[in-house]
Amino acid sequence: MAAVHGDLHGHGHDEHIPSGIMRWVKTTNHKDIGTMYLWFAFTMFLVGGTLAMGIRAELYQPGIQILEPELFNQFTTLHGLIMVFGAIMPAFVGFANWQVPMMIGAPDMAFARMNNWSFWLLPVAASLLIASFFVPGGAAAGGWTFYPPLSTQGGLGVDMMIFAVHILGASSIMGAINIITTILNMRAPGMKLMDMPLFVWTWLITAYLLVLVMPVLAGTVTMLLTDRHFGTSFFNAAGGGDPVLFQHIFWFFGHPEVYIMILPSFGIVSEVIPTFSRKPLFGYSSMVYATASIAILSCFVWAHHMFTAGMPTVGQLFFMYATMLIAVPTGVKVFNWTATMWRGSMTFETPMLFSIGFIFLFVIGGFSGVICAIVPIDIQVQDTYYVIAHFHYVLVSGSLFAIFAGAYYWIPKWTGRMYNETLGKWHFWLSMFFFNLTFFVQHFLGLAGMPRRVPDYALQFADFNKISSIGAFGFGLTQLLFLYIMISCIRSGEKAPEKPWDGATTLEWTHLPTPAPYHSFVTPPVINK
Amino acid sequence: MSSKSIVTLAGVSALALYSSMAVGSKYNLPEPQSVIAKDIYDQHIVLMWICLVIFIGVFGVMFYSVLKHRKSLGYKAANFHHSTSVEIAWTVIPCLILVAMAWPATKTVIAMKDTSEPEITIKATGYQWMWGYDYLQGDGEGISFYSKLSTPRAQIENKEAKGENYLLEVDNNVVVPVGKKVRMIITANDVIHAWWVPALGIKQDAIPGFIRDTWFTADTPGIYRGQCAELCGKDHGYMPIVVEVLSDEDYAQWVSNQMEKSAAASESAIVDVDEG
């Protein structure tokens, strides 16, 4: 199809697209690799979602019904790992693959073969994680944070998880280096850093965070591995180590990781809101500075996950103040989005709905974040359902809603076909309703004293758990609607106009035909400022 | 009415329903029973009000814009894209609000950390899956016992009706006198656990090989229930904590009962040794 349209710049390049399975195995094309990342992420989303359905089914009522406690712990552990490393992160790398070259006017990613390798590591790691359910002793059951000494106790499943984390880390580091190099070296002539679309900026900063913290994670899981098998005692007090050391190292990775999963969402939303407001993004440079400040601050707040682990007063106060400070740049972003919408000429197609839903619910997650930052209150809510509610508000209605917004926004460019707008809106409103039904009540469960990671609970928590489970089943089913919408769009959607969103201003909409040709920007575009 | 507005209405009314259920019911933090728990409760309420005001402010503006600045109403887009003074204002004002939030929290943190001059010191040790208690100092010094879940297995497996304190009941309560400063020394024997009693406002991880401490002074006699708050393996959900707060006289009585029991136990042990 792409060959028929040709490139607007008419470079006369042969548009040969290989066919069959080997196209995907051997591809070095950023669009093919982006597609694979996105499908992989969605598959993992369904796997992690299935585990979540198991968790909510067990918690539907008090007592043990379908999952024995040990299996329940395996479900919660793998749900977390799969959603973080298998669904959210690869989805954003998929967007980066598709969009970064097209938005900066580059022909492809800088390291095309490494790009192929970074993707194909993922299915290996995912297979290890899923297969670990079927080995003796079952999957890792120490939570996605796998704190020792509990994680030192597990069986083969824990080793498979450690190996999977190593592989995923290698994949992420390669992906990040590729993105950094592409953005810094392959921008169209004339495009300065401060001319880049915000999605590219947020990914540049995210990629630096990844390069900074993924090796730290690799280090800590390696220490765990040697503690398990080679007689070291990094985390074992009996041998002179300290279990809390693990928590410090893990969260030095883990907190920037939180922002790795949200900064690209900020980028997507910052593209979508101006397009559908038909008005330039308010405070572009303050958006860039806010993103950078969030990334830098995120490296100094890790111990706020450990307020109950025991720390000197000065330590608790430092991490409380630093954490609260993050609210400032995050607030700036929310105000900027609001100001972008103010006196715009708005329409509310599905990408815009998901973006507004994102801001609305992300702010609720931000508020509960500030509340968790206050040490005395955190002492009460740490490791309760309040925290579960908090991070699902930022990860599901944050990251995931932004991913949906991005998918609906760019699918016409990627496929040359339109999705069904009515069904898209249904997907949004059903997701919005069921999401809140699932997670809003969990704030109350946490405040009332329900700990997280328990397969069974006291009777006063029964009502809200039932509501939450019903919401979760609804939310899960709603995502199958997304699958249907996407497949029917790709297969038989109406032909998309050249520029379906009249407010779009970035290069992929202004300088490329729809659908984008297999090889785009073989000749760099001319940037007129 | 369009399907969209019905869905919105349903969503909003569901949220309103939950919120009304939460006000003044058991779906807030539990009623505080110590100075620290009271501080936490009050700060949480203040923060909720601050959040609510900001929420209404931000989304009031946003939803006004969503309703009025629509292409379908023929609204023409403006073209402004920055304003230095506004941007400085919305950076500085949140900083001031944060300072106002941090001030009382700082005072509470300092108070929470002050474990000096306790009247009673109790060591709690986490095991997979129960708690052990040793009274180290003050009235009751020398008392030592384990505390395990007392909910019958059959209730968990749904073979019997669940009791009122399902999963929140133990064989031996930790007993303390009312109005006395109790210092808790917390550690663990195998993996990390956490000792948490919400009504008393304390939660402290129990780290194997290390000791941590915290304190509380219970305001009124009663029974306060909590649970292990750090994933510690298979039966993490089944190692509750029950603190029984007694008046001074009742506490003295309990101590002498415990002393007699342990004296009887050690005597019979001596007899066993003699006979053996």
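Just so it is clear, the model here is predicted, and its values are computed rather than measured. Any value given below was found using the heavy atoms of this structure, including those in side chains, with hydrogens, waters and symmetry copies removed. Residue numbers start from 1 in every chain, and the chains themselves are labelled A, B, ... in the order their sequence lines are given, proteins ahead of strands.
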message: Here's one to test your reading of the geometry: is the NZ or CZ of B:Lys71 within 45 degrees of the ring axis of A:Phe348 and under 6.0 Å from its centre?
response: no
- request: Side-chain contact test, heavy atoms from C-beta onward, threshold under 4.5 Å: evaluate it for B:His44 versus A:Leu447 and give yes or no.
  value: yes
message: Using a 4.5 angstrom heavy-atom cutoff, name the option from B:Ser72, B:Cys232, B:Ala194 with the most pairs to chain A.
response: B:Cys232
field: Portion of A:Asp242 that has a non-hydrogen atom of chain B nearer than 4.5 angstrom
entry: both
query: Going through the checks in order, is the side chain to side chain donor-acceptor pair (under 3.5 Å) test met by B:Trp196 and A:Gln380?
result: CA-CA 8 Å; B:Trp196 176 35; A:Gln380 288 286 28; 3.3 Å; yes
query: B:Asn79 versus chain A, heavy atoms under 4.5 Å apart: side chain, backbone, both or neither?
result: both
message: For chain A, which candidate among B:Pro94, B:Ala78, B:Gly163, B:Pro208 shows the most heavy-atom pairs at distances under 4.5 Å?
response: B:Ala78
message: With a 4.5 Å cut-off on side-chain heavy atoms, are B:Asp39 and A:Pro376 touching?
response: no
field: Which residues share a ring-ring contact (aromatic ring centres under 6.0 Å, His included) with B:Tyr224, sequence neighbours left out
entry: none
statement: Per-residue tally against chain A (heavy atom, under 4.5 Å) across B:Ala229, B:Ala188, B:Ala111, B:Pro240 peaks at B:Ala229
statement: Bottom line for A:Leu281: the part with an atom under 4.5 Å from chain B's heavy atoms is backbone
Flag, side chain of B:Lys234 to backbone of A:Glu70, donor-acceptor distance under 3.5 Å: no
